[in-house]
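Since the structure is predicted, the reported quantities are computational estimates derived from the model, not experimental observations. Just so it is clear: chains get the letters A, B, ... in the order the sequence lines come, proteins before strands, and each one is counted from 1.
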Protein chains: 2
Amino acid sequence: MRVGSEVDNGAQAPTSDKSHNDCPGRVLYRHVAGRWAGPIVLELWPEPLRFHRLRDALPGISEKVLAQNLRELVRDGLVTRTVEPTRPPQVTYSLTQLGNDLASQIHGLLTWVGNHTPEVLAARRRHDEQQQQQAS
Amino acid sequence: MRVGSEVDNGAQAPTSDKSHNDCPGRVLYRHVAGRWAGPIVLELWPEPLRFHRLRDALPGISEKVLAQNLRELVRDGLVTRTVEPTRPPQVTYSLTQLGNDLASQIHGLLTWVGNHTPEVLAARRRHDEQQQQQAS
DNA sequence: CGGTATCCCATGCGATACTG
DNA sequence: CAGTATCGCATGGGATACCG
């Protein structure tokens with residue numbers, strides 16, 4: 001609770017010049033660890049997919065966000081976008097070699113999460129119960 | 001602080017109740033893939049560290065966010081918090097076995113990023129140049 | 001089919017001040 | 001030393017409508 005009546009002076013220096021924040025590796029990590037980049041790459045791992053197939057494989061994603069992520073992945077050389085000039089047009093996304101390497105790392109992380117979520121939930125329950133007891 | 005704790009879907013009801021959004025694995029992934037959880041776990045991988053040591057090892061993190069992440073990690077059974085009742089108190093954070101497993105996955109992803117950032121940057125430059133040409 | 005455009009909200013994170 | 005409290009922005013991402 002606001003002890004001193006000091007008003008927060010809203011201008012919080014964006015920290016923008018701290019060199020480690022602009023570090024490209026940092027930025028790239030933030031992207032590949034984002035909410036959807038990992039899952040998308042994993043979907044493309046076994047086989048190339050078209051836009052709507054990809055969307056359907058990722059329940060909950062919006063087309064906007066899927067498109068954003070794909071654009072970024074293509075730009076970063078992790079995914080290839082191939083257009084078949086048919087009618088209607090077909091656009092296929094596939095992993096590059098670089099993207100393939102990344103996929104194996106993502107896979108490791110994501111399957112770890114899949115395998116150990118129950119243990120984490122159990123630990124969490126134990127922890128919360130102890131907190132409960134201490135509170136009482 | 002109850003960060004991302006429970007369901008609590010105050011968010012803009014993503015098509016209402018799509019169960020996959022509340023899926024514990026999804027939530028856990030969002031956490032370990034967050035901006036700092038990965039780096040923190042990696043710092044603890046070689047050896048346990050105290051709060052300020054950890055903060056200093058992670059340039060740019062605020063104490064608030066470090067504390068938040070550590071609390072969550074402890075709650076999830078990935079990190080152990082040990083208090084030495086000396087004067088002044090010493091608090092040491094170390095990985096559990098579960099946290100150790102996670103660390104190796106994170107390590108894979110983070111070192112991949114470290115090793116391949118130059119290639120990504122090169123790809124990005126190539127891509128941006130092509131866009132430039134098409135625009136003209 | 002394969003996207004963009006627009007609008008808006010929830011959440012994460014940073015900065016600063018204070019406490020046991 | 002090891003945190004908590006408070007405030008506020010920036011950003012990612014969701015919903016919806018529209019375009020080539």
Side-chain angles (χ1 to χ4, degrees), chain A residues 1-18 20-21 26-27 30-40 49-56 58-72 74 81-93, chain B residues 1-18 20-21 26-27 30-40 49-56 58-72 74 81-93:
Chain A
M1 35 202 36
R2 222 83 267 286
V3 179
S5 55
E6 184 56 75
V7 182
D8 249 22
N9 155 23
Q12 64 207 66
T15 322
S16 43
D17 59 336
K18 304 282 226 168
H20 41 267
N21 274 333
R26 226 26 116 87
V27 174
R30 285 309 297 150
H31 176 227
V32 301
R35 176 165 190 179
W36 292 111
I40 288 171
L49 287 176
R50 311 228 319 258
F51 188 84
H52 277 190
R53 301 272 296 161
L54 210 37
R55 184 203 54 188
D56 295 342
L58 298 164
I61 197 172
S62 69
E63 296 190 345
K64 185 190 94 176
V65 171
L66 178 55
Q68 273 179 358
N69 275 271
L70 286 172
R71 244 183 282 130
E72 186 90 356
V74 168
R81 182 177 184 271
T82 312
V83 182
E84 235 79 47
T86 61
R87 213 12 254 235
Q90 299 206 165
V91 180
T92 305
Y93 294 92
Chain B
M1 60 63 110
R2 156 137 342 130
V3 261
S5 49
E6 303 294 80
V7 184
D8 157 60
N9 198 359
Q12 55 253 56
T15 325
S16 289
D17 61 343
K18 303 282 220 169
H20 42 268
N21 273 334
R26 223 31 113 84
V27 174
R30 286 310 297 151
H31 176 227
V32 301
R35 177 165 190 178
W36 293 111
I40 289 170
L49 288 176
R50 312 230 316 260
F51 189 84
H52 277 193
R53 301 273 295 159
L54 210 38
R55 183 202 56 188
D56 296 343
L58 298 164
I61 198 172
S62 70
E63 295 190 347
K64 185 191 90 174
V65 171
L66 178 55
Q68 273 179 358
N69 275 272
L70 286 172
R71 247 182 280 130
E72 187 88 356
V74 168
R81 182 177 185 272
T82 312
V83 183
E84 233 79 47
T86 60
R87 216 8 256 232
Q90 299 206 163
V91 180
T92 306
Y93 293 92

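One finds no side-chain N or O of Arg35(B) lying less than 4.0 angstrom from the OP1 or OP2 phosphate oxygen of dT11(D).
For the helix from dC1(C)-dG20(D) to dG20(C)-dC1(D), the end axes, each set by the C1' atoms of five terminal pairs, are bent relative to each other by 50° (nearest 10°).
Separating the CZ atom of Arg87(B) from the P atom of dA2(D) is a distance of 12 Å, rounded to the nearest angstrom. Distance NE2 (His31(A)) to P (dG12(D)): 10 Å, rounded to an integer number of Å. Straight-line distance from the CD atom of Glu84(B) to the P atom of dG3(D): 13 Å, rounded to whole Å. We find that CZ of Arg26(B) is positioned 16 Å from P of dT11(C), with the value rounded to whole Å. At whole-Å resolution of the value, CG in Asn69(A) and C1' in dG14(D) are 13 Å apart. Spacing between atom CD of Glu72(A) and atom C1' of dG13(D) amounts to 14 Å, rounded to whole angstrom units. Rounded to a whole Å, the CZ atom of Arg55(A) is 8 Å from the P atom of dC1(C). Rounded to whole Å, the distance from CG on Leu49(B) to C1' on dC1(D) is 15 Å.
Among residues two or more places apart in sequence or in another chain, the side chain to side chain donor-acceptor pair (under 3.5 Å) test is passed with Arg81(B) by Tyr93(B). Not counting sequence neighbours, Glu84(B) has no partner by the side chain to side chain donor-acceptor pair (under 3.5 Å) test. Listed by chain and number, the residues in a side chain to side chain donor-acceptor pair (under 3.5 Å) with Arg30(A) amount to none (sequence neighbours excluded).
Between the CG atom of Leu54(B) and the CG atom of Leu70(B) there is a distance of 5.5 Å, given to the nearest 0.5 Å. For the atom pair CG (Leu66(A)) and CG (Asp56(A)), the distance works out to 10.0 Å, reported to the nearest 0.5 Å.
Residue-to-nucleotide proximity on DNA chain D shows that, of Gly34(A) and Pro89(A), the 5′-proximal contact is made by Gly34(A). Both Arg30(A) and Gln90(A) lie near DNA chain C, and the one whose nearest nucleotide falls closer to the 5' end is Gln90(A).
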Kindly give the atom pairs (protein nitrogen or oxygen, nucleotide nitrogen or oxygen) under 3.5 Å for nucleotides 3-7 of chain C.
| unit_1 | atom_1 | unit_2 | atom_2 | d |
| --- | --- | --- | --- | --- |
| dG3(C) | OP1 | Arg81(A) | NE | 3.3 |
| dG3(C) | OP1 | Arg81(A) | NH2 | 2.5 |
| dG3(C) | OP1 | Tyr93(A) | OH | 3.4 |
| dG3(C) | OP2 | Tyr93(A) | OH | 2.7 |
| dG3(C) | N7 | Glu63(A) | OE1 | 2.9 |
| dT4(C) | OP1 | Arg71(A) | NE | 3.4 |
| dT4(C) | OP2 | Arg71(A) | NH2 | 3.2 |

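Residues Pro59(B) and Arg26(A) share a closest heavy-atom pair of O-NH2, 3.9 Å.
Distance from the side chain of Arg50(A) is smallest for dG2(C) among the nucleotides dG2(C), dG14(C), dG14(D).
Applying the side chain to side chain donor-acceptor pair (under 3.5 Å) test to residues at least two apart or on different chains, the pairs with a partner in residues 59-71 of chain A are Arg55(A)-Glu63(A).
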